[in-house]
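I have placed the structure first, in the form of structure tokens, so that the comments after it can refer back to it.
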There are 2 protein chains.
Amino acid sequence: MTKNDVVKKKVGRPISFDRNKVLIAAMRVFWAKGYDGASMKDLTKAMGINGPSLYAEFGDKRELYLAAIECYGSHNGCAPLNAFEGESDIKLAVRAFLVAVIEYSTENGRGALGCFLGSCVATSAGEVEGVRELLYEAIQDTDKRLSERFEFEKSKGCLPADFPSVERAKLMLDLRQGYVFRARSGVSPTELLSDIAFRTKLILGTCA
Amino acid sequence: MTKNDVVKKKVGRPISFDRNKVLIAAMRVFWAKGYDGASMKDLTKAMGINGPSLYAEFGDKRELYLAAIECYGSHNGCAPLNAFEGESDIKLAVRAFLVAVIEYSTENGRGALGCFLGSCVATSAGEVEGVRELLYEAIQDTDKRLSERFEFEKSKGCLPADFPSVERAKLMLDLRQGYVFRARSGVSPTELLSDIAFRTKLILGTCA
DNA sequence: CACATTCTGTATCAATCAATACAAAATATA
DNA sequence: TATATTTTGTATTGATTGATACAGAATGTG
């Protein structure tokens, strides 16, 4: 998919922009302003292209939005998930996940707070046609990646055999939503970090 | 506050609408369409008043939005919280909270999905000035109401003396965010309900 | 080089946006 | 009843919205 579009030589003036780059720029605008809040002027400016080029490539605003969502998913845009999978010890991995969640929920440097899927996309799911399906896929995929890691830890003996991987995976993702929510209300990262020891135990605990 | 405005006789043509009623109607529109997605035309139509009346009473769109948020808070708009406080047994109360969350996240009869604060307001917190403060207050208030109930149960002896009320209260609210998130992706209420037994135990469990 | 093809930039479209001007309507007071 | 005061409905404001028409620029092909 990333290899067979290299030699495609087309007749006519060549495209002057990188599809992925402008798509990521568009995603950032949607992330910061929401679907309705992001105007085509905002988008074309951030993407560095003009209106007609945008419409020729993506169709319309809605389709650009859907493309941005897919781009986020296919380019591993979720930092906490990457942090989780990058840590070898499971307890540190869970902790890293929560820390990453709090970080990207409170770093208001670029104005894009929280999670692109968890706040921006989720809000527009009932409004923009086609979003709900992409959101569903993304959630299922995240649940799967988290629970598969737990299953792997079970096979290593690092987690008890009766550990409920799927339930705990869902719990992790749902806790993320809570952190994003609180961060949006202005709670400091310090305060959010205060209970991650408790919550790490909650996720990995064997009580039921 | 609801009593001393009855006898207030003012000179001039009297107002022809009920402030609370039109405010609730406005809230429903924001709830369903989001802040940017809700046009003044949508709002005036749902509120049953004309533009000039709206602007005379509330100022502008932003102030109307803030008034709607405050109205939601002061009128006990959160159904799950009411369900929680209406149940005498603490285990049933927690369960009722979760069930109510799932219900109002998936009943798409009126198009207003999830939680007004948890999805609509939270998204606009970084965009509309004044929203963040109201959101912060609402979250703190909810945390407090939940944890106070837990403290009450402790004093009755229905919960162990070392029960971490505040942490579990926050956990409950954060789980709510997770349910709203999943519901927006189209997950059925049946599937969401499948793990509430597990989560009720998680909230009330004494393991740490 | 001439032509067909495709993309880019300017300039602009009708529609809708949030917000108002203004006069008629409805009240209290005198 | 006459006047002052406030709200209402109609009609409209300039600005912005998402989306295009069109001509010129940049490529491959013959």
Side-chain angles (χ1 to χ4, degrees), chain A residues 5-23 25-30 32-69 120 123-124 127-131, chain B residues 5-23 25-27 29-30 32-69 120 124 127-131:
Chain A
D5 57 351
V6 185
V7 282
K8 255 189 180 177
K9 280 200 175 182
K10 285 199 301 180
V11 170
R13 183 172 176 172
I15 287 186
S16 63
F17 57 89
D18 182 81
R19 196 180 193 272
N20 274 330
K21 281 190 179 178
V22 299
L23 215 39
M27 185 198 66
R28 290 219 181 96
V29 176
F30 284 125
K33 303 198 165 192
Y35 178 76
D36 287 306
S39 70
M40 296 308 294
K41 196 178 176 183
D42 295 331
L43 290 165
T44 52
K45 187 181 175 184
M47 296 163 81
I49 62 178
N50 293 105
S53 298
L54 192 158
Y55 281 91
E57 178 70 25
F58 300 103
D60 61 6
K61 187 183 180 183
R62 188 183 69 91
E63 290 178 285
L64 170 65
Y65 187 55
L66 296 180
I69 296 174
C120 171
T123 307
S124 61
E127 178 195 4
V128 185
E129 205 175 312
V131 170
Chain B
D5 57 350
V6 186
V7 283
K8 254 189 180 176
K9 280 198 176 181
K10 287 199 299 183
V11 169
R13 181 171 178 171
I15 287 185
S16 63
F17 57 87
D18 182 81
R19 195 179 193 274
N20 274 330
K21 281 190 179 178
V22 300
L23 215 41
M27 186 198 66
V29 176
F30 284 126
K33 301 198 168 191
Y35 179 76
D36 287 305
S39 71
M40 297 308 292
K41 197 179 176 184
D42 294 331
L43 290 164
T44 52
K45 187 181 175 185
M47 297 163 80
I49 63 178
N50 294 106
S53 298
L54 191 158
Y55 280 91
E57 178 71 25
F58 300 103
D60 60 6
K61 185 183 180 181
R62 188 184 69 91
E63 290 177 283
L64 170 66
Y65 187 55
L66 297 181
I69 296 174
C120 171
S124 61
E127 176 195 6
V128 185
E129 204 174 311
V131 170

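Letters A, B, ... are given to chains in the order of the sequence lines, protein chains preceding strands, and every chain is numbered from 1. What you see is a predicted model, and the numbers here were worked out from it, not measured in a lab. Worth knowing before you read on, the calculation uses all heavy atoms, side chains too, and leaves out hydrogens, waters and symmetry mates.
For B:Ser39, whose side chain is taken as the heavy atoms from C-beta onward, the closest listed nucleotide among C:dC17, D:dA26, C:dT10 is C:dC17. Distance from the side chain of B:Ile15 is smallest to D:dT7 among D:dT7, D:dT20, C:dA18. Of the candidate nucleotides D:dG28, C:dT27, D:dT7, C:dT27 has the atom lying nearest to any side-chain atom of B:Pro14. Minimum atom distance to the side chain of B:Lys61 is reached by C:dA18, of the listed C:dT8, D:dG18, C:dA18.
Between A:Leu54 atom CG and C:dG9 atom P the separation is 13 Å, expressed in whole Å. Look at CD1 on A:Ile49: it is 9 Å from P on C:dG9, rounded to the nearest Å. At whole-Å resolution of the value, CD in B:Glu57 and C1' in D:dT8 are 13 Å apart. As rounded to whole Å, 15 Å separates atom C1' of D:dA19 from atom NZ of A:Lys41. Rounded to a whole Å, the CZ atom of B:Phe17 is 10 Å from the C1' atom of D:dT8. A straight line from CG of A:Asp36 to P of D:dT16 spans 18 Å, rounded to a whole angstrom. Spacing between atom CG of B:Asn50 and atom P of C:dA24 amounts to 17 Å, rounded to whole angstrom units.
Listed pair A:Ser53 / C:dT8 meets the phosphate criterion, a side-chain N or O lying under 4.0 Å from OP1 or OP2. Contact annotation: B:Ser16 does not reach the phosphate of D:dT7 (side-chain N/O to OP1 or OP2, under 4.0 Å).
Separation of atoms CZ (A:Arg28) and CE (A:Met47) is listed at 12.5 Å; rounding is to 0.5 Å. Distance OH/A:Tyr65 to OG/A:Ser124: 2.5 Å, rounded to 0.5 Å.
Here the shortest heavy-atom pairing between B:Ala46 and B:Ala25 reads O-CB, 3.6 Å.
Between B:Glu57 and B:Arg19 a salt bridge is recorded (basic side-chain N to carboxylate O distance below 4.0 Å).
Ranked by how close their nearest DNA chain C nucleotide is to the 5' end, A:Arg13 and B:Arg62 are led by A:Arg13.
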